[in-house]
**Student:** 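Sending over a structure as structure tokens; questions will come in a sec.
Residue numbers start from 1 in every chain, and the chains themselves are labelled A, B, ... in the order their sequence lines are given, proteins ahead of strands. Keep in mind that the numbers below use all heavy atoms, side chains included, and drop hydrogens, waters and symmetry copies.
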Amino acid sequence: MNINDIPKQYDPKDAQDRWYQIWLERGYFHADPAGEKPPYCIVIPPPNVTGALHLGHALNNTLQDVLIRWRRMQGYDCLWMPGTDHAGIATQAVVERRLLEEQKLTRHDVGREALVEKIWAWKDEYEKRILGQLRLMGCSCDWERTRFTLDEVCSRAVRRTFFNLFRAGKIFRGKRLVNWDVQLRTAVADDEIYYEDKPGKLWTIKYPVAGSETGEALHVATTRPETMLGDTAVAVHPEDPRYKHLIGRELELPLTGRRIPIVGDAILVDPKFGTGCVKVTPAHDPNDYQTGQRHGLPMINLLNPDGTYNENAGPKYAGLDRVVVRKRVVADLEAAGLLVKDEPYNVRLNYSDRSKTPIEPYLSDQWFVRMADDPDGAPGFAQKAIDAVASGEVRITPERYAKSYADWLGEKRDWCISRQLWWGHRIPIWYCSTCTAEDLELAFGGRSDVAWTEAESGGWLVCAERDLQADALPGHALTQDADVLDTWFSSALWPHSTLGWPEATPELAKFYPTSVLSTARDIITLWVARMVIFGQFNMRQVPFRDVYIHPVIQDGQGKRMSKSAGNGVDPVDIIEIYGADALRYTLAAGATETQDLRMPVEKLKLPDGREINTSDRFEQGRNFGNKIWNVARLVMMNLEGYEPAPVDVAALPVEDRWILAELDATVAATTADLDAFRFAEAAKRLREFSWGEFCDWYVEFVKGRLRDPESRPVAQRTAAAVLDALCRLLHPFMPFLTEQIWAPLGELAPVRGVPLPSPAEPHACVAAWPAPKGLEDAEARATVDQWKEKIQAIRNLRAERNVPKDAKIAPRIVAEGAVADRLRLGEEFIKSLTGAGSVAVGPDQARPADSAVAVLADAEVVLPLEGLIDKEAERAKLAKSLADLDKQINPLRGKLSNEGFTSRAPAEVVASSRAKLAELEAQRASVASLLETT
RNA sequence: GGGCGAUUAACUCAGCGGUUAGAGUGCCUGCCUUACACGUAGGAGGUCGGGGGUUCGAAUCCCUCAUCGCCCA
């Protein structure tokens, strides 16, 4: 092969365009449930169709593809299930915002149907973009099985699950205090709100005690005075001497004409804080809600869904916005002489993450999934999910995340699954207020897909697997619940819904439970826990065996990357600049166990004028890829006339035995790393082997043999075998590069391998993952280590003494025994790799007066340099060397003279310390005598 | 307020009880040596956040303080 046929620099674009298409055409990514091979399955954490993928997705999907490609090469039937998530509120909010910005319209202006249509269009655009990004990265998903959480297959699973939960009594409707987003007019989950401290005010209001002749009154402090209209009690501490006597009496609630009780409550009230009296508004504050439950207080809801106050607030305030109500109430209280004071106060406000507006606690009808244990004590959903991890049925890596999983589930809080949105799975419940049990029995009695129950507030709730028509119940109106389900409801089904459940598909039989779920830690509770719960409920089996939690990518300042912060990086831009292999390798090398991954971000102006974010960290991957590319070039340039043949490893030159032994160790360790999700270790190990051993040393050793017709055939076989193995080992990390090398290698050496050559597979993508061949060789390793150490010593002497680069030096190595024997085997290499004219090894080498000398532990390296030696400088170097040795010798002597150490430390530690000391002392003696004669 | 984690070379990170604490990038000094300047050869650079403790021995285990990040209230 002519060197000019292969470019000097790896061209990622060429490889990416060529190979992805071929992998697809060959169907390498397509799983076959009917096949004989053992299953390995990963379901992709479906990216939100809200927007394009960022670097965090790139990391997660790189790691999943590493696992999938590795297992595929190991002979598993691999299914990587791709897809996207409709991301209910997030996507609807994005589209609504755009609607408002571009057309000044709200969703109520356009209506449900039209809005949903617009969101579908958005979804189509971003789904396409997201899946395209994954392909560019080289992800080997089974695209023929691509799913979307709102598609027909997933929707059917949602319906069936809801229905089954309803029938099992695991789902219920109830009034609860929720976080209400008045702008979006929906409940939002706890994890969809954030807190901010804002300067506000603390008002103190006077509540007169009813029927008090002495004009007694209680002072209550509040940051939200308008909610007093909904007070149903005032609480004091039951042991507070100031108020104890008033418990049980009533107060005149100002502005309302209502009377409310004074209750004693030790949980809500801290007698040392403020006045020691707390107003209780159960419908508008979570703590008050709990208090109301404890004392059986009525709940007065003051709010309309849009944030205005309703008729419960009284005619004076009804219809006004909560902000206006606050001003009126304060003014009215002041006018009535009931406002004691107001003072500045820092208020912690809740904001909706979606609309960025303040949250109102709001009492409303919601649907819940019951998490608690059954009344008879049988473990409920939360407990079963806790047990699955505690028992090891599901393993979480790194282990420490199992704690946050268990802690969160341990609260066993019911899961609110209804959202007042239009984008999502409509709740399959129909209300009927006029019918009777007999009517329902008559209409649906024979059907197994319809169930019903009496509503708390009267009337009936009908749950159906398929949509009921309005006239399904003759003579009575049926209206469907207007709400949709929380996005996590459908995401929680992902591992089995995507495989076809509730149908008993061959995919489900073969690939469930799946093998690994890879995700970020922030959704361990929201998503991972819920997948376990629904997997157990629907499938009677956990959804996956392993959960791998990857690090979170941050910018150079430790901030999370985000579009709004302007520090987000688009993986496609990185692929543009550095290539997909570089992106993947760099990310995998950063996926360490404990750390978050920092990527210093910098701005870059592209030739086309676009300004993007990038990070020079990716040079690491690009440079490594280029190195591999070039060593492959070198090997292939030297494969002319290659003939495969069995190789007798024992008869190979020592450098061949050494590299094969190193390869064997690398294969074993890399496999173990991947098995334990140690991606960074695997990536670094492969770099160390291929660059640090193969390129830096082996290739240099073997160059001479490749040029010599006599020794060439054997050298070709070893070199081809190592390059072949390297492609296999690196393929999961750098699929395009390795495929690009695999092709020409296959032309030059279609049959290869040591000790027994065999025909190579058509593509690296489907090549077998290598296994260790029992080629460890301690003697070969010791020998090559000797060569390396002495070569480095000579190079160091050359550099430090400024020996001209083309001077033919003649180093002498004073050594004896096995050391000398090993060095003699490598004389030619020592010569060629140090640019020496000759090398002499032996115990009695003369040491010319004009020499630079390095004293090593087991040898002295002498470099005669007539006329180039500065005696004073030599003496200074020797003195420095002596001082360095003393710095090691002294603490070691101290340690060994410490009786505590010699008697209590393990014998082998003491022995090795003694040996080390003896060696250092001998070395010191040599340096000392050298100093005398210089 | 509770929990988890981090703090090691200029930067990004390994090391998690026993040699003089490592890697990549960056920096300095030679080299365009017929695989590679996205390279090669050599080198400088760290009292392992502070303070206590356990141990013959601590970057590594425990306590405490500080700073930062995340999760949950």
**Student:** Within the structure, does a side-chain N or O atom of A:S404 lie under 4.0 Å from either OP1 or OP2 of B:C71?
**Tutor:** no

**Student:** Quick check: A:F733 with A:F624 (ring centres under 6.0 Å apart)?
**Tutor:** no

**Student:** Rounded to whole Å, please give me the gap between CG in A:N802 and C1' in B:C31.
**Tutor:** 13 Å

**Student:** Could you list all the side chain to side chain donor-acceptor pair (under 3.5 Å) pairs where at least one residue sits in residues 789-803 of chain A, not counting sequence neighbours?
**Tutor:** A:Q786-A:K790, A:K790-A:D858, A:R801-A:E874

**Student:** What residues form a side-chain hydrogen bond (donor to acceptor under 3.5 Å, both in side chains) with A:T738, not counting sequence neighbours?
**Tutor:** A:H731

**Student:** For this output row, return yes or no: ring centroids of A:W787 and A:F701 closer than 6.0 angstrom.
**Tutor:** yes

**Student:** With rounding to whole Å, what would you report as the distance between B:U34 and B:C48 at their P atoms?
**Tutor:** 46 Å

**Student:** How close or far is atom C1' of B:G5 from atom CD1 of A:I524, stated in whole angstroms?
**Tutor:** 12 Å

**Student:** Within the 4.0 Å heavy-atom criterion, would you say A:E700 contacts the bases, only the backbone, or no part of the nucleic acid?
**Tutor:** base

**Student:** Using a distance-only test with no angle check, is there a side-chain donor-acceptor pair under 3.5 angstrom linking A:N630 and A:K8?
**Tutor:** no

**Student:** Going by the rule ring pair (Phe, Tyr, Trp, His ring centres under 6.0 Å), which residues pair with A:W629 if we only count those two or more places apart in sequence or in a different chain?
**Tutor:** A:Y10

**Student:** Let me know the distance between CZ of A:R678 and P of B:C16, rounded to the nearest Å.
**Tutor:** 11 Å

**Student:** Regarding A:R687, tell me which of base, sugar-phosphate or nothing describes its non-hydrogen contacts under 4.0 Å with the strands shown.
**Tutor:** sugar-phosphate

**Student:** Using atom P of each nucleotide, how far apart are B:G53 and B:C70 to the nearest Å?
**Tutor:** 35 Å

**Student:** Rounding to an integer number of angstrom, what distance separates B:G18 and B:G24 when you compare their C1' atoms?
**Tutor:** 28 Å

**Student:** Work out how far the P atom of B:G43 is from that of B:C36, and round it to whole angstrom.
**Tutor:** 25 Å

**Student:** When the nearest nucleotide of RNA chain B is assigned to A:G590 and to A:L885 on a heavy-atom basis, which residue is associated with the more 5' position?
**Tutor:** A:G590

**Student:** Rounding to the closest angstrom, what is the interatomic distance between B:G15 and B:U60 at atom P?
**Tutor:** 14 Å

**Student:** Among residues at least two apart in sequence or on other chains, which ones pass ring pair (Phe, Tyr, Trp, His ring centres under 6.0 Å) with A:F689?
**Tutor:** none

**Student:** Ignoring hydrogens and angles, tell me if any N or O in the side chain of A:D555 forms a donor-acceptor pair with the backbone of A:P600 under 3.5 Å.
**Tutor:** no

**Student:** Tell me the interatomic distance from A:R521, atom CZ, to B:G3, atom C1', rounded to whole angstroms.
**Tutor:** 13 Å

**Student:** Please tell me if A:R413 has a side-chain N or O lying less than 4.0 Å from either OP1 or OP2 of B:A73.
**Tutor:** yes

**Student:** Run the ring pair (Phe, Tyr, Trp, His ring centres under 6.0 Å) test against A:W408 and tell me which residues pass, sequence neighbours left out.
**Tutor:** none

**Student:** Tell me what A:Q554 touches on the nucleic acid: a base, only sugar-phosphate, or nothing, going by heavy atoms under 4.0 Å.
**Tutor:** sugar-phosphate

**Student:** Where the side chain of A:N898 is concerned, which of B:C56, B:C72, B:G15 is the nearest nucleotide?
**Tutor:** B:C56

**Student:** List the atom pairs, donor and acceptor, that lie under 3.5 Å between side-chain atoms in residues 910-918 of chain A and the rest of the protein, sequence neighbours left out.
**Tutor:**
| from | atom 1 | to | atom 2 | distance (Å) |
| --- | --- | --- | --- | --- |
| A:S912 | OG | A:V909 | O | 3.3 |
| A:S913 | OG | A:V909 | O | 2.9 |

**Student:** With no hydrogens and no angle check, do the side chains of A:D14 and A:Q740 hold a donor and an acceptor under 3.5 Å apart?
**Tutor:** yes

**Student:** Quantified in whole Å, what is the P atom distance between nucleotide B:U7 and nucleotide B:G49?
**Tutor:** 7 Å

**Student:** Treating primed atoms plus P, OP1 and OP2 as sugar-phosphate and everything else as base, which nucleotides of nucleotides 38-43 of chain B get B, S or - for protein heavy atoms under 4.0 Å?
**Tutor:** BSSSSS

**Student:** From the options A:I523, A:I533, A:L517, select the one residue that forms a side-chain contact (heavy atoms from CB on, under 4.5 Å) with A:V528.
**Tutor:** A:L517

**Student:** Suppose we screen for side-chain hydrogen bond (donor to acceptor under 3.5 Å, both in side chains). Which residues come up paired with A:D724, at least two apart in sequence or across chains?
**Tutor:** A:R728, A:R752

**Student:** Distance-only, no hydrogens or angles: does the A:N613 side chain make a donor-acceptor pair with backbone N or O of A:V601 under 3.5 Å?
**Tutor:** no

**Student:** Describe the nucleic acid contact of A:P891 in one word from base, sugar-phosphate, nothing, applying a heavy-atom distance below 4.0 Å.
**Tutor:** nothing

**Student:** What is the distance from NZ of A:K887 to C1' of B:G46, rounded to the nearest Å?
**Tutor:** 13 Å

**Student:** Roughly how many Å is it from CG in A:N630 to P in B:A35, rounded to a whole number?
**Tutor:** 10 Å

**Student:** Return one dot-bracket line describing RNA chain B 5' to 3' (Watson-Crick or G-U wobble pairs, both distances under 3.5 Å; ( ) same strand, [ ] crossing, | another strand, . none).
**Tutor:** (((((((..((((....[...)))).(((((.......))))).....(((((..]....)))))))))))).

**Student:** Of the non-hydrogen atoms in A:I549 and A:A520, which two are nearest, and what is the gap between them?
**Tutor:** CG2-C, 4.1 Å

**Student:** Sticking with atom C1', work out how far B:C31 lies from B:A23, rounded to a whole angstrom.
**Tutor:** 24 Å

**Student:** Please tabulate, one pair per line, each protein N/O and nucleotide N/O from nucleotides 52-55 of chain B that are separated by under 3.5 Å, including the distance.
**Tutor:**
none

**Student:** Show me the protein contacts with nucleotides 6-12 of chain B, counting only N or O atoms at under 3.5 Å.
**Tutor:**
| from | atom 1 | to | atom 2 | distance (Å) |
| --- | --- | --- | --- | --- |
| B:A6 | O3' | A:Q595 | OE1 | 3.3 |
| B:C11 | O2' | A:R617 | NH2 | 3.1 |
| B:U12 | O4' | A:R617 | NH1 | 3.0 |

**Student:** Of all residues at least two apart in sequence or in a different chain, which pass the ring pair (Phe, Tyr, Trp, His ring centres under 6.0 Å) check with A:Y698?
**Tutor:** A:F694

**Student:** With heavy atoms under 4.0 Å as the rule, sort A:K805 into base, sugar-phosphate or nothing.
**Tutor:** sugar-phosphate

**Student:** Please figure out whether A:L920 or A:K703 has its closest RNA chain B nucleotide nearer the 5' end.
**Tutor:** A:L920

**Student:** Send over the distance from A:K403 NZ to B:C70 C1', rounded to a whole Å.
**Tutor:** 15 Å

**Student:** Just the rounded figure in Å: distance from C1' of B:A14 to CD of A:E688.
**Tutor:** 13 Å

**Student:** Which value, in whole Å, describes the distance between the C1' atoms of nucleotides B:A6 and B:C56?
**Tutor:** 31 Å

**Student:** Can you tell which of B:G69, B:A35, B:G18 lies closest to the side chain of A:F901?
**Tutor:** B:G18

